[in-house]
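All heavy atoms count here, side chains included; hydrogens, waters and symmetry mates do not. Remember, it's a predicted structure, so these values are computed and weren't measured experimentally.
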Amino acid sequence: MRPATTTTPPDRRCGLRHRLVVVAADPEQVVRHAGGWLFDQVMAGWMVYALVAERGNGRSLRILGTHVAGLHRLDAALDAPGPQALAVDAALYRADPQVRELVAAARDRGRTEVRSWNAAGSSDQDPFEYRLSSAAMAFKAQALVAVGAGARRVDRVERFHRAAVSATVIPFPSTHARIARTSKELP
């Protein structure tokens with residue numbers, strides 16, 4: 001029998017559990033902008049994967065319960081059955097063509113909720129706040145210390161922009177015609 005710390009790829013261990021993939025430049029960005037939400041998703045039974053360009057100290061992400069990998073795993077991020085949610089640092093989205101391709105593929109699938117942070121000035125997306133549980137706030141505070149951000153007060157909410165929710169509601173400007181076409185096809 002294998003120990004719990006097996007090297008079996010996480011996508012083979014998740015079975016029917018919901019998957020959430022987070023894409024960012026470094027662990028600090030993930031912890032700072034989405035750490036509490038990620039912790040709450042892990043506690044709700046989701047498999048959460050953080051794909052970061054600069055792996056740095058992955059301890060901060062492991063404190064939140066996430067699996068950590070480099071951006072080289074982007075190609076496997078949408079493997080069947082695919083994630084139910086994708087969270088992306090908007091600055092990395094603007095800078096990296098591979099990340100843009102991943103978001104476009106997730107958007108085209110229609111079953112993946114896509115959200116972003118650092119989307120300042122983006123009027124085509126739906127902003128919203130996620131309210132952290134008390135446990136998420138405590139674990140996020142410890143993850144911030146581990147990433148080197150020091151001890152600081154953790155806000156009760158994290159701010160995101162919803163980019164795609166379902167096959168019929170995809171608020172990207174280039175998909176307005178597709179939304180109308182999809183809506184007409186529905187019974």
Kindly indicate whether the side chain of Leu20, heavy atoms from C-beta on, has any atom under 4.5 Å from the side chain of Pro83. no
Hey, could you give me the CG/NE2 distance between Leu38 and His33, rounded to the nearest 0.5 Å? 12.0 Å
For Leu61 and Ala50, the nearest pair of non-hydrogen atoms, with its separation, is CD1-CB, 3.7 Å
Please name the pair of heavy atoms, one in Val42 and one in Gly65, separated by the smallest distance, quoted to 0.1 Å. CG2-O, 3.6 Å
Do side-chain atoms of Lys140 reach the backbone of Val154 as a donor and acceptor pair under 3.5 angstrom? no
State plainly whether the residues Glu158 and Arg131 are in salt-bridge range, i.e. N to O under 4.0 Å. no
Ignoring hydrogens, what is the shortest heavy-atom contact between Pro27 and Ser60? Give both atom names and the distance. CB-OG, 3.7 Å
Side chains of Val103 and Val88: closer than 4.5 Å at any heavy-atom pair? yes
Heavy atoms of Leu132 and Gly36 approach each other most closely as CD2-CA, 3.6 Å
Following the transitive rule for hydrophobic clusters with a side-chain heavy-atom cut-off under 4.5 Å over Ile, Leu, Val, Met, Phe, Trp and Tyr, establish whether Val21 and Trp46 coincide in one cluster. no
Considering all heavy atoms, the nearest Ala136-Ser133 contact: N-OG, 3.0 Å
Does any part of the side chain of Leu86, heavy atoms only, come nearer than 4.5 Å to the side chain of Leu102, both counted from C-beta? yes
Could you state the interatomic distance from OG1 (Thr66) to OH (Tyr49), rounded to the nearest 0.5 Å? 10.5 Å
Transitive ILVMFWY side-chain link Val31 to Val23, under 4.5 Å: no
Tyr93 versus Asn118, side-chain donor and acceptor atoms under 3.5 Å: no
If the plane angle is over 60° it's perpendicular, under 30° parallel, otherwise tilted; pick one for Phe39 and Phe139. parallel
Ignoring hydrogens and angles, tell me if any N or O in the side chain of Asp155 forms a donor-acceptor pair with the backbone of Val157 under 3.5 Å. no
Note, Val22 side chain near Leu51 side chain (heavy atom, < 4.5 Å): no
Do Leu64 and Val52 share a hydrophobic cluster, counting only Ile, Leu, Val, Met, Phe, Trp and Tyr and linking them when any side-chain heavy atoms are less than 4.5 Å apart? yes
With rounding to the nearest 0.5 Å, note down the distance linking CZ in Arg156 to CD in Glu129. 12.5 Å
Taking C-beta and beyond as the side chain, do Asp26 and Val147 meet within less than 4.5 Å on heavy atoms? no
How long is the straight-line distance from CG of Asp89 back to CZ of Arg94, given to the nearest 0.5 Å? 8.0 Å
Using the ring of each side chain (for Trp, its six-membered ring), is Trp117 parallel, tilted or perpendicular to Phe160, with breaks at 30° and 60°? perpendicular
Quick one: are His161 and Arg115 in side-chain contact, heavy atoms under 4.5 Å? no
Do the non-hydrogen side-chain atoms of Glu113 and Arg162 ever get within less than 4.5 Å of each other? yes
Between the CG atom in Leu92 and the CZ atom in Arg100, the distance rounded to the nearest 0.5 Å is 9.5 Å
So CE of Met47 and CZ of Arg17: to nearest 0.5 Å the spacing works out to 5.0 Å
Nearest heavy-atom pair of Pro97 and Ala95: which atoms, and what distance? CD-O, 3.7 Å
